[in-house]
Amino acid sequence: MEAADHYIQLRTAFPHVHDDEEWQTTIGELAQHLCCTMRNMNLIMNKFMDNNWIRWSPKRGRGKKSVLIFHAPLVDVARERFDRLLQGNRLEEAYELAASLPFSLREMLMHGLQDPFGLRSDQSAKGRIDTLRIPQNFPFETLDPTQAAMWGEVGIVAEVFDRLVRYNAERRSCEPSLAVAWESNPEGTEWTFYLHKGVLFHHGKILDAVDVKFTFERIIEDINNPCRPLFGTIAKIETFDELTVRFTLYSPNFMFPDLMSSMCASILPRDVEPDRMHPVGTGPYRLTRNHPRLLVLDVFPSYFRGRAYIDRVEVWQLPQSELVESVIKQDLFSDGPPHAVQHEVQGGVYMTFNMRKEGPQQDLYFRRAVQQLLNQQELIHAFPGTSTQPAYSLVRDNCGETTGGGTRRSSSIREKRTGVLESTREPSVAQAEELLKRSCYAGQTLRLWVEDGKKMETDMLWFVQRCERIGVHIDIVPGDPVRAVYHDEFSSCDLVYTGEVFDDHIMLSLVTMFTFQNTLFLVAMDDDRKRELDKECRRIVGIRDGGERLAALLGVEAKLIEEALLLPAYSFREEHAHHASLRDYNVVGYGMPDLRRLWVKRKPDADHKEASYPAYIPLW
């Protein structure tokens, strides 16, 4: 421990003592604060005086107290120490220092976090090492692909694991991945997959058909596995040799290859006990460290599709703070304008109800009253911005996969709502009041769980004010989506305001939202409605024509909206910014750059030993 660390620790122990104020104490009392001997405390005090941080006037004799004066402001010593840690590439220690300080000082130090994030290229005796550092402000609960529900978790799963099939968003079709080919019988009840030869898991074992069998039997034999309904049509799995596996289904499923591209379908090795925090896969990156504040992915040189360019990916857990994201983005690009990548997030922000709890939300008239109060046009009008637009579906109108029927449905809803808006002023509140009179609502105060975030809470303050105008009383409960999904945080709440982010495969995303039990939407639904959605999805995957399947899934969503169980609010977009030297920077569905394609065109005049290429990736 350096002298600065000791000073920071001691200074924070006396928050009530001002700089340059005399304070009476003893060397023994000070030693207790630093958990050291009095002899060591005397040595530490000498170092403080050498740096001119304190003035110390020791007194000798029983009962006599010495005089201590702090000269150096805590913020100055902390900032200098923080900067030296960053310059020494000791990010974890810098983080620990910031986290140990009072809130105001922590926020001040966070302004030094711009430089470490992005891509850093270092030259050493082992050659050039390119490291991409990404900030994250939600902890990882699980990296088990059958459990993971948070954006950041799914992003890591995508890099650690592979699936039999991968979805090509540019071509909008499924392509080979771990399987080189597949085929089915005409009825869509038998699907056979033929595997690549020589694919290695990260621990050195060669992938074979029994690993595929193990992966899916683990899911379908566990009645509590949240992704079991997604693969509920599987009746039997057979291996014919080490490279051939056949799935026999209970009923036709013409979406089966699409389901095999789901993150939930990531293939695990059968000879390793699955570990939710330290998984083993076949992906381009292997997980080498998973600390509560730092997750490290190192490139897997033997990756069967070819070695990735970036050598290491570090995901840093930052303190949850309103300033963190803006601080990281600020002044990143000092040597010229960045390249901006607009990512239109598929999905959107919505409200739903806790249907597992008794209350007025069980009444359709009450839910429809809330639906009127959460008027998309009026919400956007209250908080105008370029990154949001009213949403009448979680599927964007401009998505290439959306069929004409889906687009017309969204447009007709919009035209209907807009027409009403033009006819009277704020009709939604008046309509909500009429619907409320027909409901069972009796004036009780309801709890509204709101996903943590400044924008979400601002939305709901506006919503609560509208509720009060017609006599609906709401208490806002800020919530953590990690705790909501994995620890049932909103079980005591009545309303839920959150968001859903889809990947590039819209049809699969809708099936996942309606069947994967760890989506926030299904966490809020009662068992009967979950069974109805599962039954309807089983029927839909049996439709041979893809356009008809998508139209049917959009029909399920439309019914949920009509029953006021799903209340879309708005869609949004994110903006990534990166240095011009980062090439093939493509954003995939969950908001991460596609690390398998990213590469660096190093500056010709870059320092031989190191070079930094900043990148701003929005916090998950």
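No hydrogens, no waters, no symmetry mates; every other heavy atom, side chains included, goes into these values. Keep in mind that this is a model prediction, so the values were computed, not measured.
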For D503 and S509, which I'm curious about, is there any donor-acceptor pair between the side chains at under 3.5 Å?
yes
Would you find a donor on one side and an acceptor on the other, under 3.5 Å apart, between the side chain of E153 and the backbone of E141?
yes
Distance-only, no hydrogens or angles: does the T233 side chain make a donor-acceptor pair with backbone N or O of L249 under 3.5 Å?
no
Residues F516 and T146: closest non-hydrogen pair is CE1-O, 3.5 Å
Output yes when a side-chain donor or acceptor of D275 lies under 3.5 Å from a complementary backbone atom of P279, and no otherwise.
no
Show, in sequence, the C-alpha distance, side-chain angles and deciding distance for R597 and E170, and conclude whether the salt bridge (Lys or Arg N to Asp or Glu O under 4.0 Å) test is met.
CA-CA 14 Å; R597 296 173 59 174; E170 295 168 355; 3.2 Å; yes
With a 4.0 Å cut-off on N to O distance, would you call D211 and R270 a salt bridge?
yes
Could you check whether any side-chain heavy atom of V165 comes within less than 4.5 Å of a side-chain heavy atom of S177, counting everything from C-beta outward?
no
Could you check whether atom NZ of K535 has more than 12 heavy atoms from other residues, nucleotides or ligands sitting under 6.0 Å from it?
no
Less than 4.0 angstrom from a charged side-chain N to a carboxylate O is my criterion; do R305 and E175 meet it?
no
Looking at A149, is its backbone amide N or carbonyl O close enough to the side chain of Y486 to form a donor-acceptor pair, meaning the two atoms are under 3.5 Å apart?
yes
Salt bridge (Lys or Arg N to Asp or Glu O under 4.0 Å) test vs D488 passes for just one of K357, R356, R483, namely R356
Run through I267, L200, V160, L178 and flag the one making a side-chain contact (heavy atoms from CB on, under 4.5 Å) with T282.
L178
Does the W316 side chain pair with the main chain of L295, one donor and one acceptor, at a distance under 3.5 Å?
no
Stepwise, does the salt bridge (Lys or Arg N to Asp or Glu O under 4.0 Å) test hold for E238 with R246?
CA-CA 5 Å; E238 301 171 273; R246 175 177 294 169; 5.0 Å; no
Among pairs that include at least one residue of residues 550-567, which meet side chain to side chain donor-acceptor pair (under 3.5 Å), considering only residues two or more places apart or in two chains?
S393-E557
SB check D534 R531 (cutoff 4.0 Å)
no
So does K197 pair up with D208, basic N to acidic O under 4.0 Å?
no
Provide the closest heavy-atom pair for T189 versus S251 in the form atom of the first, atom of the second, distance.
CG2-C, 3.9 Å
D130 and R128 ion-paired at < 4.0 Å
yes
Would you say the side-chain atoms of D480 and H487 include a donor-acceptor pair closer than 3.5 Å?
no
Do L268 and F201 have side-chain heavy atoms sitting under 4.5 Å apart?
no
Quick one: does P284's side chain get under 4.5 Å of L595's, heavy atoms only?
no
Heavy atoms only: give me the nearest L297-E159 pair and the separation to one decimal.
CD1-CB, 4.2 Å
Do side-chain atoms of N185 reach the backbone of E190 as a donor and acceptor pair under 3.5 angstrom?
yes
Would you call V511 and L553 a side-chain contact if the rule is heavy atoms closer than 4.5 Å?
yes
Salt-bridge contact D162-R596 (side-chain N to carboxylate O under 4.0 Å):
yes
For residues T142 and D144, is any side-chain donor paired with an opposing acceptor at under 3.5 Å?
no
Under the criterion side-chain contact (heavy atoms from CB on, under 4.5 Å), which of V496, T498, L567 is the partner of Y350?
T498
Indicate the atoms forming the closest heavy-atom contact of Y167 with R172, along with that distance.
OH-CA, 3.2 Å
For A265, is there any backbone N or O sitting under 3.5 Å from a side-chain donor or acceptor partner on R163?
no
Are the side chain of T244 and the backbone of F240 linked by a donor-acceptor contact shorter than 3.5 Å?
no
Are side-chain heavy atoms of R312 and Y285 found at a separation under 4.5 Å?
no
Just checking, is any N or O donor in the side chain of R166 or S261 under 3.5 Å from an acceptor N or O on the other one?
no
Sequence neighbours left out, what pairs pass ring-ring contact (aromatic ring centres under 6.0 Å, His included) with at least one residue falling in residues 207-234?
F216-F231, F216-F247
Identify, with sequence neighbours excluded, every residue that meets side chain to side chain donor-acceptor pair (under 3.5 Å) alongside N518.
none
Side chains of L287 and V296, heavy atoms from C-beta outward: is any pair under 4.5 Å?
no
N/O donor-acceptor pair under 3.5 Å between E221 side chain and R218 backbone
no
Spell out, as yes or no, whether a donor-acceptor pair under 3.5 Å connects the side chain of N354 to the backbone of C493.
yes
Does Y250 OH have over 12 foreign heavy atoms under 6.0 Å away?
no
Looking at every non-hydrogen atom in both residues, tell me the closest pair between S266 and M263 and how far apart they are.
OG-O, 2.7 Å
With no hydrogens and no angle check, do the side chains of W191 and E183 hold a donor and an acceptor under 3.5 Å apart?
no
Of all heavy-atom pairs linking L508 and D258, the shortest is CD2-O, 3.5 Å
